[in-house]
Each structure stands twice: as C-alpha cells, then as structure tokens.
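What follows is one structure encoded as structure tokens, with my remarks underneath.
Convention: sequence-line order gives letters A, B, ...; per-chain numbering from 1.
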Amino acid sequence: MIRLEKIALSYGEQQVLRDCSLCVAAGERVALMGPSGCGKTSLLNAVAGVLHLPGVTVGGTVSYVFQESALFPWLTAAENVNVVLGDSADTLPQAKDWLAQAGLEECTDKYPRQLSGGQKRRVAILRALAYGGDVLLLDEPFQGLDEAAQQRLAALIGQVWAGRTLLLATHDVREAELLDCRVLTYSDGKFV
Amino acid sequence: MKGGNRLFKCIAVPLFWVAVWQILALLVASPLLLPGPGAVLLRLGELAVTGAFWRSAMLSLVRILCGAVAAVVLGTVLAVVCCRFPLADALLSPLLGMVRSTPVASFILLLLIWIGRDILPAVIVILMVLPVVWANVCAGIRSTAPILLRTARVFRFSPWRTLRRVYVPSVMPYFLSACRTSLGLAWKSGIAAEVLTVPAVSIGKMLYESKLYLETTDLFAWTAVVVVCSLVIEKVLMSAIGRLGRAYAVGGEDA
C-alpha cells in the first residue's frame with residue numbers, strides 16, 4: 001500500500017505538486033502519467049525512501065527500476081542481478097536464470113559498457129524483479145526497448161509481480177496499457 | 001617491429017646515454033669532477049661485496065617503505081573521516097594543504113630538533129605522501145555516483161556491501177593513482193631526509209660522506225644504487241598495482 005497526503009513539491013521557483021494526495025491499495029497497479037518535470041520521478045524517489053517528502057507512507061519493502069539503468073559499471077550483468085540476491089557464488093546461478101527469462105543468456109558475463117541501452121534496461125528491470133518486495137516502482141521502464149521486448153517484459157512483470165503493488169511513472173500511455181495499470185493523469189499540480 | 005622498438009628502448013637508448021657520459025668524462029678528464037661509467041661500475045662492484053653496503057641499502061629501503069605504507073593507510077583513513085564528518089574536513093583540509101606546500105627541507109630541519117634521526121626519514125615520507133593519498137581518496141569518495149548510492153539504499157545493501165560494491169570500486173582508480181605518484185615522492189624525500197640527517201646506517205649517510213670527502217666516484221655509485229632500488233621497487237609495486245587496478249577496472253578495462 002502507498003499513501004500520499006497533501007504532497008507539495010517545487011523545483012526552484014516553480015511549484016509542480018500542490019496538495020497532491022493519492023492512495024494505491026495493496027496489489028493495485030497505478031500509472032502516474034504526465035509531462036517531463038511534473039514531479040513523477042520525485043514522487044517515486046520519495047516512495048522508495050531516497051528523497052524525503054512529508055506525507056508519504058509506504059507499507060512493505062520497495063523495489064525500484066530507476067529512470068537511468070543505474071547498473072554497477074564494474075559488475076557483469078549477472079553480478080548486477082546477483083548483488084541484490086545475496087551477492088554470493090551460491091546465488092549466481094539464480095541471477096543467470098533471471099537473465100535467461102528475458103533472453104539475456106549471452107549477456108551474463110558482459111559489463112554494462114558492453115551492453116546496448118535496451119539490454120541495460122532489461123537487466124535493471126530483472127534486478128528489481130529478482131529483489132522482490134511488496135511494491136515495485138517503475139520509472140519509464142520500457143524506454144529504448146523494441147515492441148517485442150516491451151511485450152515480453154510486460155508479461156514477465158505481470159507474471160512475477162502478480163498480486164503485488166506496482167507504481168509506474170511514464171509519459172507513454174502504451175507503457176501503462178502493457179502493464180495493465182489504472183492511469184492517473186497530471187493536472188494542475190495533482191494526479192487525478 | 002614491436003620487438004625491435006622494445007629492444008631499442010631497453011638497450012640502445014641507455015647505451016647512448018652511457019656513451020655520452022663516457023665522452024663527457026673523457027673531455028673533463030678529472031675523476032674528481034666527473035668519473036666515467038667504468039670507474040663507477042667498478043666502485044659499485046667493490047661496494048657490493050661489503051656488508052655495510054647491503055645493511056645501508058636495506059635499512060634505507062625499510063625506512064622509506066614503512067613511511068610510505070603508514071602514509072597510505074593514514075591518508076586513506078583520514079580521507080574517509082573527512083568525507084564522513086564535515087567538521088573533521090574543515091579542520092584537516094587547511095592543515096594538510098599547508099603540509100603539501102611546505103618545502104621538505106623545512107620539515108627535515110624542524111623535525112631534526114624534535115625527533116631521533118633514525119626515524120626522521122620515515123616521518124618525512126609520511127608527511128610528503130599522506131596529503132597526496134588523502135586528497136586523491138577524498139576526490140574518489142566524493143565522485144562516487146549518487147545514483148549508485150541510491151541504488152544501494154533502495155536494495156538495502158549492508159554498510160559492508162555498500163563499501164565493497166560501491167565505494168571501493170569508485171575510489172580504486174584514485175587510490176592507485178595516488179600510490180603511483182607517492183612511490184617516487186617517498187623515495188626522493190626519504191633519501192633527501194637521510195642526506196640531511198645522516199642516520200647511522202643509511203644510503204643518505206654514504207651519499208653525504210662521499211660529498212664530504214670529495215669521493216665523487218662513490219657519490220655516483222651510491223646514486224646509482226638509489227636509482228636501481230627505485231626502479232626495482234617501482235617495477236614490483238607497479239605490477240601489484242596494475243593487477244589490483246585490473247581487478248577493479250570499470251567493465252574490465254585496463255586500469
């Protein structure tokens with residue numbers, strides 16, 4: 001469950017969120033739709049606990065796919081997934097299994113600089129799914145992915161995250177449709 | 001072609017400069033002013049069979065390496081403390097900045113009044129190397145990508161895992177660069193301190209006495225010892241640093 005109560009957010013002089021309240025029930029999937037700079041990423045950061053905003057309540061553990069892929073450049077793709085699984089040799093096969101689920105078998109031993117933008121994105125999503133938890137935050141998760149990859153990942157997310165809470169930030173309605181989300185649109189400092 | 005180039009660099013270039021040295025020695029025609037390479041090599045051979053030679057070389061080596069290791073450890077610890085506690089940074093930054101810009105001779109003469117001459121070269125090495133390591137490690141810690149720290153926080157990394165998986169790989173290139181710079185600095189400042197303080201058994205004392213008694217051939221021979229020691233240590237440590245660098249390189253790139 002996620003509850004946001006009367007959130008206010010400004011970027012310098014410009015106030016982007018005013019009295020913004022919303023509730024995402026346990027197991028619900030919600031998409032925050034809006035243009036760039038309307039505060040979607042900041043809201044996700046606040047829910048993840050990496051940005052302090054008064055009025056944010058989250059029930060359970062959070063997993064997050066950042067807007068940037070945020071992979072550790074000195075770890076291979078498999079190690080980047082393994083690092084959230086326990087970071088031991090015993091859990092490495094499990095990390096490789098996760099990569100195989102998205103067709104990234106050939107990328108397991110490659111470093112992020114050797115991966116394409118789309119491959120990095122997929123590794124970041126798989127890392128978040130592998131970590132587990134109660135709430136999955138996705139910030140424009142399918143950016144840079146082709147249609148087939150988007151559908152494959154959406155199906156995987158749907159299957160792995162079934163029955164758990166999901167909050168998506170996007171400006172692309174197609175992402176919200178693929179993930180079967182209730183859409184809240186940005187309007188006048190709020191998501192309605 | 002590559003092999004030929006290497007052979008040229010390793011043999012032909014040094015031989016050229018030895019030949020230049022020999023010609024100059026012949027032109028000067030005074031061993032007191034400029035001994036030839038043959039005479040220096042002969043003297044080096046004579047020195048190498050004495051126990052005093054090895055004792056002096058080994059003790060100087062130990063002094064300088066102990067100072068360098070202490071400086072690297074202390075510099076790293078202080079960098080962590082400064083990056084963690086702003087007050088410590090505010091207090092230590094000007095102090096270490098001042099140490100960095102103070103001439104080594106001033107420290108040597110001052111410390112000569114305060115501490116024993118046997119440990120003084122090691123202390124001088126610490127004073128010269130510590131600010132370099134401290135500044136580099138601080139820069140490394142501060143350049144750690146915030147997004148990676150946020151990732152570690154979201155996925156609830158333990159402090160140990162954050163250190164191992166985020167901070168250490170981020171800081172490693174800066175740390176290794178500091179080690180490379182420090183190596184030459186340690187060796188030069190350590191020997192300079194020995195020459196000015198003349199510890200009982202040391203390369204510095206031998207250099208000083210050679211100059212005192214106008215034994216120019218000895219002066220050249222001991223200088224050659226310093227150069228050879230420096231090259232050997234550099235080779236050994238650089239190989240170790242290179243291995244460490246490759247292990248922590250971004251995406252398997254060379255360090």
Side-chain angles (χ1 to χ4, degrees), chain A residues 41-42 44-52 58 60-77 79-88 91 95 107 109-115 119-120 123-139 167, chain B residues 76 79-80 83-86 136-180 238-255:
Chain A
T41 298
S42 296
L44 258 57
N45 282 340
V47 172
V50 292
L51 173 74
H52 178 70
V58 183
T61 314
V62 172
S63 193
Y64 194 177
V65 178
F66 291 92
Q67 200 171 40
E68 307 153 61
S69 293
L71 300 179
F72 296 102
W74 35 81
L75 299 182
T76 63
E79 287 167 342
N80 262 290
V81 176
N82 191 35
V83 81
V84 303
L85 285 171
D87 204 14
S88 74
T91 51
C107 297
D109 296 324
K110 285 186 179 169
Y111 290 92
R113 72 178 181 89
Q114 297 167 316
L115 302 176
Q119 286 171 329
K120 280 188 223 172
V123 175
I125 292 170
L126 292 166
R127 178 174 67 180
L129 292 177
Y131 178 68
D134 306 295
V135 175
L136 178 62
L137 306 175
L138 299 163
D139 196 350
L167 185 60
Chain B
T76 306
V80 172
C83 291
R84 180 73 184 81
F85 304 105
N136 271 37
V137 175
C138 275
I141 294 172
R142 286 177 182 139
S143 71
T144 304
I147 184 70
L148 298 182
L149 291 171
R150 284 204 293 274
T151 303
R153 203 163 142 197
V154 166
F155 293 118
R156 300 194 176 179
F157 282 19
S158 63
W160 166 244
R161 196 180 294 176
T162 305
L163 180 74
R164 194 166 81 93
R165 290 305 197 189
V166 186
Y167 279 114
V168 171
S170 297
V171 171
M172 197 51 79
Y174 292 83
F175 175 76
L176 295 179
S177 157
C179 287
R180 281 192 197 104
M238 282 307 159
S239 152
I241 285 172
R243 271 199 295 275
L244 201 60
R246 277 190 291 279
Y248 280 98
V250 172
E253 284 170 349
D254 284 340

Side-chain heavy-atom pair A:Leu51, B:Arg150 within 4.5 angstrom cut-off: no

Contact check, side chains of A:Trp74 and B:Met172, non-hydrogen atoms, under 4.5 Å: no

Structural part of B:Arg153 lying under 4.5 Å from a heavy atom of chain A: side chain

Check: B:Val154 and A:Tyr131 side chains under 4.5 Å, non-hydrogen atoms: no

Spacing of OH belonging to A:Tyr64 relative to OG1 belonging to B:Thr151, to within rounding of 0.5 Å: 9.5 Å

Smallest separation among heavy atoms of A:Val83 and B:Arg165, with atom names: CG2-CG, 3.8 Å

Proximity breakdown for A:Phe66 and chain B, heavy-atom pairs closer than 4.5 Å: side chain

Derivation of the side-chain contact (heavy atoms from CB on, under 4.5 Å) call for B:Phe157 and A:Asp87: CA-CA 10 Å; B:Phe157 282 19; A:Asp87 204 14; over 6 Å; no

Closest heavy-atom pair and its distance - A:Ala70, B:Leu148: O-CD2, 3.9 Å

Close side-chain approach of B:Pro169 to A:Leu75, heavy-atom, < 4.5 Å: no

Min side-chain heavy-atom separation A:Thr61-B:Arg156 under 4.5 Å: yes

